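See below for the structure under consideration.
Because the structure is a prediction, the values reported are computed rather than measured. Letters A, B, ... are given to chains in the order of the sequence lines, protein chains preceding strands, and every chain is numbered from 1.
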2 protein chains.
Amino acid sequence: MPDPAVPLQLSVDRTSPVPLYFQLSQQLEAAIERGTLTPGSLLGNEIDLAGRLGLSRPTVRQAIQALVDKGLLVRRRGVGTQVVHSQVKRPLELSSLYDDLEAAGQKPATKVLRNTLEPATAEVAAALGVAEGDDVHLVERLRYAHGEPMAQLRNYLPTGLLALDTPQLEATGLYRLMRGAGITLHSARQSVGARAATAAEAELLAEAVGAPLLTMQRTTFDDTGRAVEFGTHVYRAARYAFEFQLLVRP
Amino acid sequence: MPDPAVPLQLSVDRTSPVPLYFQLSQQLEAAIERGTLTPGSLLGNEIDLAGRLGLSRPTVRQAIQALVDKGLLVRRRGVGTQVVHSQVKRPLELSSLYDDLEAAGQKPATKVLRNTLEPATAEVAAALGVAEGDDVHLVERLRYAHGEPMAQLRNYLPTGLLALDTPQLEATGLYRLMRGAGITLHSARQSVGARAATAAEAELLAEAVGAPLLTMQRTTFDDTGRAVEFGTHVYRAARYAFEFQLLVRP
DNA sequence: AAGTGGTCTAGACCACCGA
DNA sequence: CGGTGGTCTAGACCACTTT
């Protein structure tokens with residue numbers, strides 16, 4: 001038998017501009033986060049919850065659904081709504097190397113090697129959905145951590161989307177610049193592989209020729225489905241690994 | 001100005017057990033898939049759509065929301081609902097090497113090297129949420145494609161979840177076995193890296209010592225948040241790359 | 001049989017966008 | 001300003017699970 005329903009300190013502020021379902025959803029998430037709602041515990045049925053909060057059932061359902069989508073709650077017909085049994089709470093994020101490094105306290109530094117316009121190759125044109133030969137931005141960067149080279153980042157962007165200022169590129173990550181320009185990132189298609197370092201890559205990254213490198217190709221889309229960036233990156237395998245979470249479509 | 005609203009052949013069957021919102025959602029998705037609804041085109045407002053179909057607005061909204069969540073539609077307040085501007089329709093799937101290979105027409109073969117119970121090491125115990133030293137299943141497999149070795153797969157599973165039959169493991173993939181046993185996979189946390197092949201790995205995978213290998217560690221969770229599998233995999237980099245899609249949390 | 005979530009209705013008012 | 005999606009209500013019936 002699962003744990004009994006847990007009485008919670010929940011309340012909503014009807015004068016707030018924050019949607020009621022969102023207020024509730026945040027309070028439930030906070031309760032799960034700090035352990036007030038323990039894994040496996042039941043939430044109490046939706047009708048009671050609605051009555052206690054002075055909300056309608058659809059509003060309560062909307063709050064719960066948001067957390068189900070996040071993977072924090074599970075609904076079972078005839079049973080109830082329970083907190084999931086583990087700490088799989090890490091969000092699924094579009095990993096930005098800059099943010100990854102910063103979160104790891106590594107103070108990333110960036111050197112812009114190239115920041116130009118170039119005609120799109122067939123590969124780049126296909127990825128970005130532009131015509132072959134059309135001008136696209138090319139940004140090539142070398143990223144350092146702890147004073148050592150870490151990755152070579154080559155990115156292509158459609159023109160007219162963003163001003164690409166070299167000092168800014170050296171001060172922050174590309175994704176932050178894009179978000180700052182009002183672009184809402186939505187999804188990315190990635191391919192991750194490995195290969196041996198060429199002579200040029202070995203030189204650039206201070207590795208031996210033939211050393212294992214992690215390669216990543218990524219096309220990023222905004223919320224309207226436009227491709228806003230195509231990147232080809234090479235990482236020193238000894239110093240970096242990708243971490244991410246996948247969700248299974250039901 | 002965006003394209004004008006497109007009149008569509010939509011209808012719902014109220015005698016069907018399939019939920020109305022789902023019927024509508026499927027028809028809209030099919031129309032997008034086959035190009036009847038072109039990228040950028042407007043869907044027509046929700047009230048009219050509801051009226052034409054004899055549905056209530058919340059039901060129509062539920063159908064549209066499902067496609068927004070899938071990334072096929074975008075809503076804009078004051079504007080309307082549009083089809084996204086690109087073909088980012090690929091589902092975000094938990095990649096199974098077996099399925100990947102089969103989809104590529106490569107007829108994967110599997111050789112089970114080990115299928116035993118072992119006490120969990122600290123790393124495995126932490127990943128699966130069991131106590132260190134508790135027995136866990138260990139399955140070690142070598143996967144072939146076109147008669148050549150392709151990857152070494154080492155998986156740990158909690159006991160009591162699944163019968164691990166060696167012939168079945170050689171005939172199909174682990175994920176299919178798990179789904180067949182009624183386990184609903186929900187999400188996975190992965191780490192992908194690269195390194196040089198050790199002598200033992202080189203021997204096993206018919207590579208040279210020092211050849212680049214792609215490594216993957218994965219913990220898979222079911223819909224209740226339990227860890228149901230932990231895997232440590234090694235792939236020949238020349239013959240495999242990971243493809244996946246990430247979604248950005250708003 | 002009782003209790004749960006799943007679906008659905010027919011309204012309502014508000015916030016935002018474009019003309 | 002009119003039209004759009006965003007939020008919310010107060011009910012209803014159904015399907016499923018457990019007792």
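Proximity of Asn45(B) to the phosphate of dG3(D): no side-chain N or O atom is located under 4.0 Å from OP1 or OP2. Look at Thr59(A) and you'll find a side-chain N or O under 4.0 angstrom from OP1 or OP2 of dT9(D). Dashed line: the shortest gap from a side-chain N or O of Tyr21(A) to OP1 or OP2 of dT7(D) is under 4.0 Å. Arg75(B) has a side-chain polar atom (N or O) that falls below the 4.0 Å cut-off from OP1 or OP2 of dG6(D). For dG5(D), one of the phosphate oxygens OP1 or OP2 lies less than 4.0 angstrom from a side-chain nitrogen or oxygen of Thr81(B). The phosphate of dT9(C) (OP1 or OP2) has a side-chain N or O of Arg14(B) nearer than 4.0 angstrom.
Distance Leu42(A) CG to dT17(D) P: 16 Å, rounded to the nearest Å. Residue Leu43(B) contributes atom CG, which lies 8 Å from atom P of dG5(D) at whole-angstrom precision. Arg57(B) places its CZ atom 19 Å from the P atom of dT7(C), with the value rounded to the nearest Å. Rounded to an integer number of Å, the gap from CG of Leu53(B) to P of dT9(C) is 10 Å. For the pair Gln65(B) CD and dC8(C) P, the computed distance is 15 Å after rounding to whole Å. What separates CG of Leu24(A) from P of dT9(D) is a distance of 11 Å, to the nearest Å. Distance Asp69(B) CG to dG6(D) P: 12 Å, rounded to the nearest Å. One interatomic measurement links the two molecules: CD of Glu46(B) to P of dT9(C), which rounds to 14 Å at whole-angstrom precision.
Nearest-nucleotide assignment on DNA chain D puts the 5′-proximal partner with Arg77(B), out of Leu55(A) and Arg77(B). In terms of position on DNA chain D, the residue among Gly80(B) and Ser56(A) whose nearest nucleotide sits closer to the 5' end is Gly80(B).
Donor-acceptor pairing under 3.5 Å is lacking for the side chains of Gln65(B) and Gln65(A). Side-chain atoms of Tyr175(B) and Glu229(B) include a donor-acceptor pair closer than 3.5 Å.
Side-chain atoms of Asp13(A) and Gln23(A), non-hydrogen and from C-beta on, do get closer than 4.5 Å to each other. The shortest distance between side-chain heavy atoms of Arg76(A) and Asp223(B) falls below 4.5 Å.
Without hydrogens or angle criteria, Thr38(A) side chain to Ser41(A) main chain gives no donor-acceptor distance under 3.5 Å.
Using a 4.0 Å heavy-atom distance criterion, Arg61(B) is classed as a base contact. Using a 4.0 Å heavy-atom distance criterion, Pro58(B) is classed as a base contact. Note on Ile47(A): nothing from the nucleic acid sits closer than 4.0 angstrom, heavy atoms only. Among the atoms of the strands shown, only primed sugar atoms or phosphate atoms (P, OP1, OP2) are found under 4.0 Å from some heavy atom of Arg76(B).
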